[in-house]
There are 2 protein chains.
Amino acid sequence: MSHATGVVGEEGVKIPSLRDVARAAGVSVSTASRVLSGSSHPVSEPTRRRVLEAAERLGFEPNRLARALATARSRTIGVVVHDVSDPYYAEIVRGLEDAAGSRDHALFVSSSDRDVDKELAVLRAFVANQVDAIVLVASAIDDPRYLAEASAILDRFRALGGVVMTMSEHGYAAPRLGYENRAGTRLVVTHLLDLGHRRIGYIAGPPDLLVTRVRQRGYEEAMTELGLGVDPELVVTGDFTIEGGARAAERLLRAEPTAIVAANDMMAIGAIRHLLDVGKRVPGDVSVAGFDDIEFAAYAAVPLTTVHVPLGELGQLGGRLVLDLLDGNPPEEWPRIDARLVVRESTSAPPT
Amino acid sequence: MSHATGVVGEEGVKIPSLRDVARAAGVSVSTASRVLSGSSHPVSEPTRRRVLEAAERLGFEPNRLARALATARSRTIGVVVHDVSDPYYAEIVRGLEDAAGSRDHALFVSSSDRDVDKELAVLRAFVANQVDAIVLVASAIDDPRYLAEASAILDRFRALGGVVMTMSEHGYAAPRLGYENRAGTRLVVTHLLDLGHRRIGYIAGPPDLLVTRVRQRGYEEAMTELGLGVDPELVVTGDFTIEGGARAAERLLRAEPTAIVAANDMMAIGAIRHLLDVGKRVPGDVSVAGFDDIEFAAYAAVPLTTVHVPLGELGQLGGRLVLDLLDGNPPEEWPRIDARLVVRESTSAPPT
DNA sequence: CTGTTAGCGCCTTCAG
DNA sequence: CTGAAGGCGCTAACAG
């Protein structure tokens, strides 16, 4: 087979290259490049017209790979999440996409299932694909090897001019666009405390995630400050999924809580389902609250009280920040996103 | 500034290139390439070792862009959806990602908001980024200009060796991995008919989508076959969102249906919410059914009866098919996915 | 089995 | 203002 000519079948179809445009316009490739790449190098008006016209006529579209190879800028961003099908990530990714798309960048998206090796592989793949920036939406995996290897990859990447941004709890030191996980959790717990609850159960996230620790600390702090202390029986581990939340609620029930706080909405939704299934009323018998305020929170079996995080906007803002960083325009002051409580129908005073 | 050398600061950091490896191993670049790219060209065992060892030591990782430029294969796939934050798409994308990742391909994901220009822009961007395949998960926009321009872009793309696959109703002729939208809808409608409903309302999808027409036809056919015919008052237009479903339900209520079928789960969930909000019981007063069986369908205010589509598997299967196509291994027989009814708690006999 | 050469498509000095 | 030349990192004939 011939060299990579893009020729297929008998047609000899080929995407027009800069050379074709140059030839058609009767100028050199350099000149064509200058007008088509928006270079600041001066080009006479007539020539520019001819080139533009030829490009238009041929339907020329610059090859991004070639351009990237030559300029060391691919206009591409890699996004790491734990699972795109999780609404939390999906909503953030959507925001990132909007920002990136509006400024002519494309997004690579990869789910790591919070598996150390997968996540490292994803990072390496992003680097190999020469992305301009890497956005770690996924919270760091709480594993020394992960942090060590990820740091090595990311440090190298940055030394080369790459931009790294984190959007959740992460041990890696990089610009971070985050909201307050701990404060947010304290918000819900305090809300429940104010309603009069004393036996407040907590469904934690997966133990191998940094964000799990931070959110849990919010719960512990709030409980301790009120002099209630942390009853180990009232804390169970979940996995951020609906199913996991349901199972966790089942275990938690043995400790007879009057309220349950889940580390995310998915688990809260699962918990509500389980409670309802075993004949408990929510919030009549037990209140339930979540964290994130994914779109479905408001449409769960019982509309969920939760900590609102503007996921979509967070993504958009994150995207804009990354692009600004890439353009060498760091924002004067780094934005702060505050989490706020949204009280819906899943929480009320404890049964008397 | 110097040429694109990847040099930053004083360090002169640079990602090791094949040349560096070759030099370190004392061989020519071609030899290094041969062992590192898994070429079939013979290389002596000792040399191979030396190259491998040098690559390992330097932490060499081939530059995908360069490789892609040289081979005309980027190991990259472009995925077009209407909105990644919509669970329907998110779940499919997740499946595609799994398949792609497991075979060393990366995914570009873009949401078009079913906007003609955005969608065309996305397609062009994919081509410019030299993706190997384009997967149209999004149903076609029902607009002649869209179809014409999209076809032009895709035809060119394919003439160059690109693979195109559709995963929903699409006017563009390409391999399609789909399920039966019409049959699926007939399934739910028939289910309701069997329960004794006669005034069955329908919340259609956005009018500018092909899939909307197809699903709606399923409703119309089922209604007509039973001699009920289609009462225009019983059909309203939605937009595939929860909010839209709620609003549509409100309008639909004027026609006093005993059951409502929504063209997707999101709208069904919104409809249920609205019904409950205005004091109707579901399914006591009115039954509601959806389509897709997104994860949340089972956790809605009233667990939703719907048409199950194995979204995640669909994505995985689709990913595998595309990769096979790319490898020149078209499957002997094209898989068929059947939609099936899942009866949960949102449907029952009409009130007497 | 190994090296040399050319080229993928584009950008960017450097002359003119 | 324009063009020629070299290079980004890698692969693929083509000799030897």
Side-chain angles (χ1 to χ4, degrees), chain A residues 1-8 14-23 25-51 55 58 60-75 127-130 132 160-161, chain B residues 1-7 14-51 55 58 60-75 127-130 132 160-161:
Chain A
M1 159 161 176
S2 73
H3 196 78
T5 55
V7 176
V8 156
K14 187 181 162 304
I15 270 199
S17 73
L18 203 52
R19 240 190 38 210
D20 301 319
V21 177
R23 190 149 36 205
V27 300
S28 75
V29 189
S30 345
T31 305
S33 166
R34 294 200 259 255
V35 0
L36 264 9
S37 69
S39 153
S40 60
H41 194 107
V43 172
S44 79
E45 210 31 59
T47 333
R48 153 165 280 119
R49 285 215 170 308
R50 296 226 311 287
V51 173
L58 299 182
F60 171 77
E61 193 81 35
N63 182 320
R64 299 276 188 145
L65 296 196
R67 181 175 281 182
L69 198 56
T71 60
R73 281 288 256 113
S74 62
R75 301 191 79 79
V127 174
N129 273 301
Q130 223 176 90
D132 293 336
L160 267 136
Chain B
M1 160 161 174
S2 74
H3 196 78
T5 55
V7 175
K14 186 181 163 303
I15 270 200
S17 73
L18 203 52
R19 244 190 36 211
D20 301 320
V21 176
R23 190 150 36 204
V27 300
S28 74
V29 188
S30 350
T31 305
S33 166
R34 294 199 260 257
V35 0
L36 263 9
S37 69
S39 152
S40 62
H41 194 107
V43 172
S44 80
E45 210 31 59
T47 327
R48 152 165 278 119
R49 285 215 169 309
R50 294 225 313 286
V51 172
L58 299 181
F60 170 78
E61 193 82 34
N63 181 321
R64 297 276 187 144
L65 296 196
R67 180 176 282 180
L69 198 57
T71 59
R73 280 289 255 113
S74 63
R75 301 191 80 80
V127 174
N129 273 300
Q130 222 176 92
D132 294 336
L160 267 137

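We name chains A, B, ... by the order of the sequence lines, and we start the count at 1 in each one.
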- Ignoring backbone atoms, establish whether A:S33 has a side-chain N or O less than 4.0 Å from OP1 or OP2 of C:dC11. yes
- At under 4.0 Å, does any side-chain N or O of B:R67 touch on OP1 or OP2 of D:dG9? no
- CG of A:L36 versus P of C:dG9: gap in Å, rounded? 15 Å
- Task: Identify the two heavy atoms, one from A:Q130 and one from A:A68, that lie closest to each other, and give their separation to 0.1 Å.
- Result: OE1-O, 3.4 Å
- Item | Counterpart residues, side chain to side chain donor-acceptor pair (under 3.5 Å), relative to B:R64 (two or more places apart) | B:D104
- Item | Separation of C:dC8 C1' from B:R64 CZ (nearest whole Å) | 17 Å
- Query: To 10°, what angle do the rotation axes through the five end pairs on each side of the helix from C:dC1-D:dG16 to C:dG16-D:dC1 form?
  - Reply: 50°
- Item | Stepwise side-chain contact (heavy atoms from CB on, under 4.5 Å) test for B:T47 and B:V35 | CA-CA 9 Å; B:T47 327; B:V35 0; over 6 Å; no
- Query: Taking CG from B:L18 and C1' from D:dC8, how many angstroms apart are they, rounded to a whole number?
  - Reply: 13 Å
- Item | Exercise: identify the closest heavy-atom pair between B:A32 and B:V51 | CA-CG1, 4.0 Å
- Item | Heavy-atom closest pair, residues A:R67 and A:L36 | NH2-O, 3.8 Å
- Item | B:R50 side chain vs B:A25 backbone, donor-acceptor pair below 3.5 Å | yes
- Message: In whole Å, I'd like the distance from the CD1 atom of A:I15 to the C1' atom of C:dC10.
- Response: 14 Å
- Task: Would you name the heavy atoms of A:L18 and A:F60 that are closest together and state the gap between them?
- Result: N-CE1, 3.5 Å
- Message: In this structure, how many angstroms lie between the P atom of C:dC8 and the CG atom of B:L65, rounded?
- Response: 17 Å
- Item | Rounded distance (Å) that lies between atom C1' of D:dG9 and atom CG of A:L160 | 14 Å
- Identify the two heavy atoms, one from A:N129 and one from B:L65, that lie closest to each other, and give their separation to 0.1 Å. O-CD2, 3.8 Å
- Item | Nearest-angstrom distance from the residue atom CG of A:N63 to C1' of C:dG9 | 6 Å
- Message: Taking the minimum atom-to-atom distance to the side chain of B:L69, which one of D:dC10, C:dG9, C:dC11 wins?
- Response: C:dG9
Quick one: which protein N/O atoms are closer than 3.5 Å to N/O atoms of nucleotides 1-3 of chain C? Pair and distance per line, please.
unit_1 : atom_1 : unit_2 : atom_2 : d
C:dT2  : OP1    : B:S44  : OG     : 3.0
C:dT2  : OP1    : B:T47  : OG1    : 2.4
C:dT2  : OP2    : B:S44  : N      : 2.9
C:dT2  : OP2    : B:T47  : OG1    : 3.4
C:dT2  : O4     : B:H41  : NE2    : 3.0
C:dG3  : OP2    : B:S28  : N      : 2.9
C:dG3  : OP2    : B:S28  : OG     : 3.3
C:dG3  : OP2    : B:T31  : OG1    : 2.9
C:dG3  : N7     : B:R34  : NH2    : 2.6
C:dG3  : O6     : B:R34  : NH1    : 3.2
C:dG3  : O6     : B:R34  : NH2    : 3.3

- Item | A:Q130 CD - C:dC10 C1' separation (whole Å) | 13 Å
- Task: Without swapping roles, check the side chain of A:S37 against the backbone of A:S33 for a donor-acceptor pair under 3.5 Å.
- Result: yes
